[in-house]
Amino acid sequence: MPYFEQKYFKHLHWENTQLSQSSFLECQFESCQCVEANWQNAKFVDCQFKNCNISLVKIEGCRLQNVSFRECKLVGIDFFKCDPAFFSPAFDQTILQTCHFADLKMKKSTFQGCKLRDVNFTNTDLTEANFTYADLQGAAFHHCNLTKANFTHAKDYTIDLQTNCVKQAKFSFPEAVHLLKSFDIEIIS
């Protein structure tokens, strides 16, 4: 089982690479390509990814503990298959496409300035999550806890107020009008 500590990886091409059961502690990844790689049971602790393409990665049992993704592209990642006990990623100005976060506890998680396309949040605890300046076109929130979540300056969201808890969540105008869609009413200006 390979172990890496405080390593800096740049311009790596890990297409179809076997990283299962590898451990990365306080490592940095910049401009790396991880397409269809195997991260099963791998450990990433206190790691940073910047400008990386991480697509169609097998992530079952993977530990993502205090891991940040900045200006990355993440496609087809089933985050709900990660080790839930240590799951604590942060996303900043990152594209997330067809990713799934069902049944995860993601209190105080960050999606600041991200573009979320066809991202699924089902039964997800997003208490105090930060979605400021996020573009949430196609993001689905089903039975989520969005208590005190911050959607200031976020856009293109559809959140059903009848099936999600949004107590003390923050929204900004005019996008907050989208919250009324679930009530099947007509708003006239």
Main chain of [Y], side chain of [X]: is a donor-acceptor contact present, judged purely on distance under 3.5 Å?
X: N164; Y: V166; value: no
X: S88; Y: N66; value: yes
X: S109; Y: A129; value: no

Indicate yes or no: does R117 engage D135 in a salt bridge with an N to O separation below 4.0 Å.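 D135 and R117: salt-bridged.
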Charged N to carboxylate O below 4.0 Å: is that the case for E128 and K148?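 K148 and E128: not salt-bridged.
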Going through the checks in order, is the side-chain contact (heavy atoms from CB on, under 4.5 Å) test met by T124 and M106? CA-CA 7 Å; T124 310; M106 300 182 67; 3.9 Å; yes
How many angstroms lie between atom [atom1] of [X] and atom [atom2] of [Y], to the nearest 0.5 angstrom?
X: R70; Y: F91; atom1: CZ; atom2: CZ; value: 14.5 Å
X: L74; Y: Q97; atom1: CG; atom2: CD; value: 10.5 Å
X: D125; Y: K105; atom1: CG; atom2: NZ; value: 6.0 Å
X: I54; Y: I95; atom1: CD1; atom2: CD1; value: 12.5 Å
X: I77; Y: C82; atom1: CD1; atom2: SG; value: 8.5 Å
X: C165; Y: L126; atom1: SG; atom2: CG; value: 11.5 Å

So which heavy atom on [X] is nearest to which on [Y], and how close?
X: A154; Y: L136; value: CB-CD1, 4.3 Å
X: C99; Y: G76; value: SG-N, 4.2 Å
X: C52; Y: F29; value: SG-O, 3.5 Å
X: T94; Y: K73; value: CG2-N, 4.5 Å

Do [X] and [Y] have side chains that approach each other closer than 4.5 Å (heavy atoms only, starting at C-beta)?
X: W39; Y: C34; answer: yes
X: L116; Y: F121; answer: yes
X: S172; Y: F151; answer: no
X: F141; Y: L146; answer: yes
X: D92; Y: T110; answer: no
X: Y8; Y: C27; answer: no
X: D78; Y: H100; answer: yes
X: F44; Y: Q65; answer: no

Full working for side chain to side chain donor-acceptor pair (under 3.5 Å) between N38 and Q18: CA-CA 5 Å; N38 185 345; Q18 185 70 250; 2.9 Å; yes
Hey, can you tell me if F24 and W14 have their rings parallel, tilted or perpendicular (30° and 60° cut-offs)?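 Judged by the thresholds at 30° and 60°, the geometry between F24 and W14 is tilted.
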F49 vs F69 aromatic rings, parallel, tilted or perpendicular, using cut-offs 30° and 60°?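 Because their plane-to-plane angle is under 30°, the rings of F49 and F69 count as parallel.
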Measure from the ring center of F9 to the ring center of F4 and say whether it is less than 6.0 Å.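 For F9 and F4, the ring centres are under 6.0 Å apart.
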Ring centres under 6.0 angstrom apart (F111, F101):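 Yes, the ring centres sit under 6.0 Å apart.
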side-chain contact (heavy atoms from CB on, under 4.5 Å) between Y3 and S22, intermediate numbers included: CA-CA 6 Å; Y3 177 83; S22 298; over 6 Å; no
Taking a hydrophobic cluster as the set of Ile, Leu, Val, Met, Phe, Trp and Tyr residues connected by side-chain heavy atoms closer than 4.5 Å, whether directly or through intermediates, do V35 and L12 fall within one such cluster?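 V35 and L12: separate clusters.
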Any chance OH of Y133 has more than 12 other-residue heavy atoms, nucleotides or ligands included, within less than 6.0 Å?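 Atom OH in Y133 is not crowded, with 12 or fewer foreign heavy atoms closer than 6.0 Å.
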Listed by chain and number, what are the salt bridge (charged side-chain N to carboxylate O under 4.0 Å, His left out) partners of R63, not counting sequence neighbours?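 If we apply the salt bridge (charged side-chain N to carboxylate O under 4.0 Å, His left out) test to R63, skipping adjacent residues, there are no hits.
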Please determine which of D156, D118, V119 meets the side chain to side chain contact (heavy atoms under 4.5 Å, CB included) test together with Q137.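 So, applying the side chain to side chain contact (heavy atoms under 4.5 Å, CB included) to Q137 and each of D156, D118, V119, only D156 qualifies.
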F171 and its side chain to side chain contact (heavy atoms under 4.5 Å, CB included) partner, picked from I159, N150, T152: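 By the side chain to side chain contact (heavy atoms under 4.5 Å, CB included) criterion, F171 pairs with just one of I159, N150, T152: I159.
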Under the criterion side chain to side chain donor-acceptor pair (under 3.5 Å), I'd like the reasoning laid out for N53 against Q33: C-alpha separation, chi angles, the key distance, then a yes or no. CA-CA 5 Å; N53 177 9; Q33 299 291 318; 3.1 Å; yes
Would E30 and K50 count as a salt bridge (Lys or Arg N to Asp or Glu O under 4.0 Å) here? Give the steps. CA-CA 5 Å; E30 186 173 351; K50 184 176 180 183; 5.2 Å; no
For Y157 and F131: C-alpha separation, side-chain torsions, deciding distance, then whether ring pair (Phe, Tyr, Trp, His ring centres under 6.0 Å) applies. CA-CA 10 Å; Y157 49 80; F131 288 95; 9.3 Å; no
Please report the C-alpha distance between L64 and I59 in whole Å, then the side-chain angles of each, then the deciding distance to 0.1 Å, and finally whether the side-chain contact (heavy atoms from CB on, under 4.5 Å) criterion is met. CA-CA 10 Å; L64 293 177; I59 203 160; 4.1 Å; yes
Side chain to side chain donor-acceptor pair (under 3.5 Å) evaluation trace for S20 with N41: CA-CA 6 Å; S20 65; N41 299 309; over 6 Å; no
Any donor-acceptor pair under 3.5 Å linking the side-chain atoms of E71 with those of N51?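 Note: N51 and E71 side chains miss the donor-acceptor criterion.
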The test is side-chain contact (heavy atoms from CB on, under 4.5 Å); show your working for T163 and H143 and say whether it passes. CA-CA 5 Å; T163 62; H143 303 287; 4.1 Å; yes
